[in-house]
Asks: 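Mind looking over this structure? Questions follow.
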Amino acid sequence: MAQALREGIDPAGHTLDPLMPRYTLSDTEAEQLHAYLAVLSAEPAPGVSDTEIHFATIITPGVSPEKTQSMLGVLRAFVSDKNAGTRKEARRRDEGREQMDRAYRTWVLHSWELSGPPETWHGQLADHYRQQPVFAVIGGIGNGSWKPVHAFCEAFEVPCVFPDVDYPVVTEAGYYPLYFSRGVTLEAEVLAKHLLEAGPNNKTGTIVQVHRDTPLGRLPAQVLRKALQDGNKQTVVDYTLADAGRMPEEFLPKLLGSQSPSVLVIWLDAADVQNLRFASTPPAGLQEIYLSASLSAMRRPDLPDNWLEKVHMVYPFDLPDSRERRLARMNVWLRAKKIPLADERTQANAFFAVTVTGDAISHLGENFSRDYFIERIEQMTAASLSPSIYPHLSLGPGQRFASRGGYVVRFPPGADSPPLPVGNWLVP
């Protein structure tokens with residue numbers, strides 16, 4: 001092997017075609033490459049038979065039925081299309097007419113809906129997998145922690161292709177899960193960059209963060225606090241709410257009176273933001289308010305104009321005007337399949353995940369290797385013609401987060417006015 005790679009000479013002593021690259025490999029590097037090749041299986045990966053290839057998608061508890069159906073509708077329609085379009089190829093394979101047709105398989109999609117507390121999910125997923133192994137997980141959707149699903153995909157070496165989640169695993173090594181972005185962690189990093197670049201002359205006084213007193217609620221607050229304190233020693237105060245329950249009626253007035261923040265960062269969902277009961281007049285010292293687009297479901301806050309003019313949102317998605325143009329192809333496809341446009345983010349991300357999966361599978365030939373499948377997705381993500389809710393997607397070897405930045409937007413007066421960026425796309 002080393003002789004072929006270094007000198008271009010095969011085992012019989014023949015010189016390989018000049019188009020075959022020659023590589024400068026040390027003995028140690030050649031031994032490492034040989035060891036890696038030795039552990040690769042010569043058999044197809046689990047979830048692949050002579051006629052079928054099995055996929056799953058995963059839904060965690062707490063996801064609304066509307067979001068679940070939005071994702072499943074897209075995935076099932078694509079699979080139905082895929083199978084309808086390859087029936088002739090499957091017949092040619094059975095007749096042995098063309099070698100390339102032996103690569104075609106009927107797609108089978110399984111919906112794995114989890115229940116109960118997160119510590120039980122790994123066992124549930126393992127049970128599903130034992131009953132029917134799958135080649136890969138396409139998409140998936142979760143409201144909270146994705147960590148048990150991430151751990152399952154790593155333990156069973158199952159590629160997990162672009163789940164629609166706001167809390168992916170960002171602190172641990174991972175090979176098999178591929179994510180759209182770092183979720184709320186990315187939002188906190190984008191906001192830190194925005195505040196630091198604005199400079200101390202524009203942002204004075206205390207920054208107060210409001211979040212629920214849960215591990216997921218604390219996560220973006222911790223990321224933002226560390227980034228700001230490392231960057232300019234900015235004073236950051238956390239103001240925590242109980243992990244559940246209705247917002248205290250006088251919560252916001254008391255907070256603004258006791259802390260006198262110049263910048264208020266709210267890591268809460270849209271319902272909690274509405275329940276803050278904004279007073280008639282903002283305090284004079286409050287310069288800006290920041291919301292999370294992910295946690296707010298990208299919704300324009302329904303606030304009086306004197307508050308709205310202070311509101312900004314960290315927005316790691318494509319802007320509405322550009323997004324409408326980019327999603328036109330998907331919308332035509334949805335109409336053709338008689339699928340109503342119900343949840344733009346969920347449907348766009350499911351469409352991208354299943355389409356890039358289909359593109360990668362089509363390049364595998366008969367080599368149904370999960371590692372090769374992941375390599376193909378790494379190479380094809382940036383060039384994919386399928387739109388997602390994110391404006392910039394790309395992956396490289398070892399990269400697991402395809403979108404790496406975001407906007408900070410403001411909301412002009414008028415209920416129909418789209419959000420406007422206050423600066424360029426920020427990459428922390």
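The analysis underlying the following values was restricted to heavy atoms, covering all of them including side chains, and did not include hydrogens, waters or symmetry mates.
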Asks: Cut-off 3.5 Å, side chains only: do H211 and Q209 have a donor facing an acceptor?
Replies: no

Asks: Looking at V265, V184, D238, which one forms a side chain to side chain contact (heavy atoms under 4.5 Å, CB included) with L224?
Replies: V265

Asks: Please check if the side chain of Q124 supplies one atom and the backbone of S115 the other of a donor-acceptor pair under 3.5 Å.
Replies: yes

Asks: With rounding to the nearest 0.5 angstrom, report the CD1 to CZ distance, I138 to F162.
Replies: 12.0 Å

Asks: Does D17 have more than 12 heavy atoms from other residues, nucleotides or ligands lying within 6.0 Å of its CG?
Replies: yes

Asks: Students often mix this up, so state it plainly: with edges at 30° and 60°, are the rings of F78 and W333 parallel, tilted or perpendicular?
Replies: tilted

Asks: Strictly by modelled atom types, are R376 and Q379 linked by a side-chain donor-acceptor pair under 3.5 Å?
Replies: yes

Asks: Does the pair R218/D243 count as a salt bridge with the N-to-O cut at 4.0 Å?
Replies: no

Asks: Verify side-chain hydrogen bond (donor to acceptor under 3.5 Å, both in side chains) between S394 and R404, making sure each step is shown before the conclusion.
Replies: CA-CA 9 Å; S394 65; R404 303 174 186 86; 3.0 Å; yes

Asks: Tell me if a side-chain donor or acceptor on R400 pairs with a main-chain N or O of V170 at a distance below 3.5 Å.
Replies: no

Asks: CD of Q132 to CD of E52: how many Å apart, nearest 0.5 Å?
Replies: 8.0 Å

Asks: CZ of R323 to CD of E344: how many Å apart, nearest 0.5 Å?
Replies: 4.5 Å

Asks: Under the criterion side chain to side chain contact (heavy atoms under 4.5 Å, CB included), I'd like the reasoning laid out for E29 against Y23: C-alpha separation, chi angles, the key distance, then a yes or no.
Replies: CA-CA 11 Å; E29 290 168 336; Y23 298 91; over 6 Å; no

Asks: Under the criterion ring-ring contact (aromatic ring centres under 6.0 Å, His included), I'd like the reasoning laid out for F352 against Y390: C-alpha separation, chi angles, the key distance, then a yes or no.
Replies: CA-CA 10 Å; F352 183 88; Y390 301 89; 9.1 Å; no

Asks: Would you say that more than 12 heavy atoms from the other residues, nucleotides or ligands in this model lie under 6.0 Å from the NZ of K337, or not?
Replies: yes

Asks: Kindly indicate whether the side chain of E157, heavy atoms from C-beta on, has any atom under 4.5 Å from the side chain of P46.
Replies: no

Asks: Who pairs with W425 by ring pair (Phe, Tyr, Trp, His ring centres under 6.0 Å), at least two apart in sequence or on another chain?
Replies: H392, Y407

Asks: Do Q274 and R299 pair up side chain to side chain, a donor and an acceptor below 3.5 Å, judged on atom types alone?
Replies: no

Asks: With a cut-off of 6.0 Å (strictly less than), are more than 12 heavy atoms of other residues, nucleotides or ligands near NZ of K147?
Replies: no

Asks: Got a second to check how far R326's CZ is from N331's CG, nearest 0.5 Å?
Replies: 12.0 Å

Asks: Of L216, V169, T60, which meets side chain to side chain contact (heavy atoms under 4.5 Å, CB included) against S145?
Replies: L216

Asks: Please work out which of the three classes, parallel, tilted or perpendicular, describes the rings of W307 and F278, given edges at 30° and 60°.
Replies: perpendicular

Asks: For the atom pair CG (L72) and OG (S111), what is the distance rounded to the nearest 0.5 Å?
Replies: 4.5 Å

Asks: Check whether any side-chain heavy atom of F317 sits under 4.5 Å from a side-chain heavy atom of S294, and report yes or no.
Replies: yes

Asks: So does R212 pair up with D272, basic N to acidic O under 4.0 Å?
Replies: yes

Asks: Does a side chain donor of either R105 or S49 reach within less than 3.5 Å of an acceptor in the other side chain?
Replies: no

Asks: Return the orientation label for the H128 and W112 ring planes: parallel under 30°, perpendicular over 60°, tilted otherwise.
Replies: parallel

Asks: Heavy-atom count check: over 12 atoms from other residues, nucleotides or ligands less than 6.0 Å from Q3 CD?
Replies: yes

Asks: Look at the aromatic rings of H122 and F152 and report parallel, tilted or perpendicular, splitting at 30° and 60°.
Replies: perpendicular

Asks: Within the 4.5 Å heavy-atom criterion, are Y315 and P320 side-chain neighbours or not?
Replies: yes

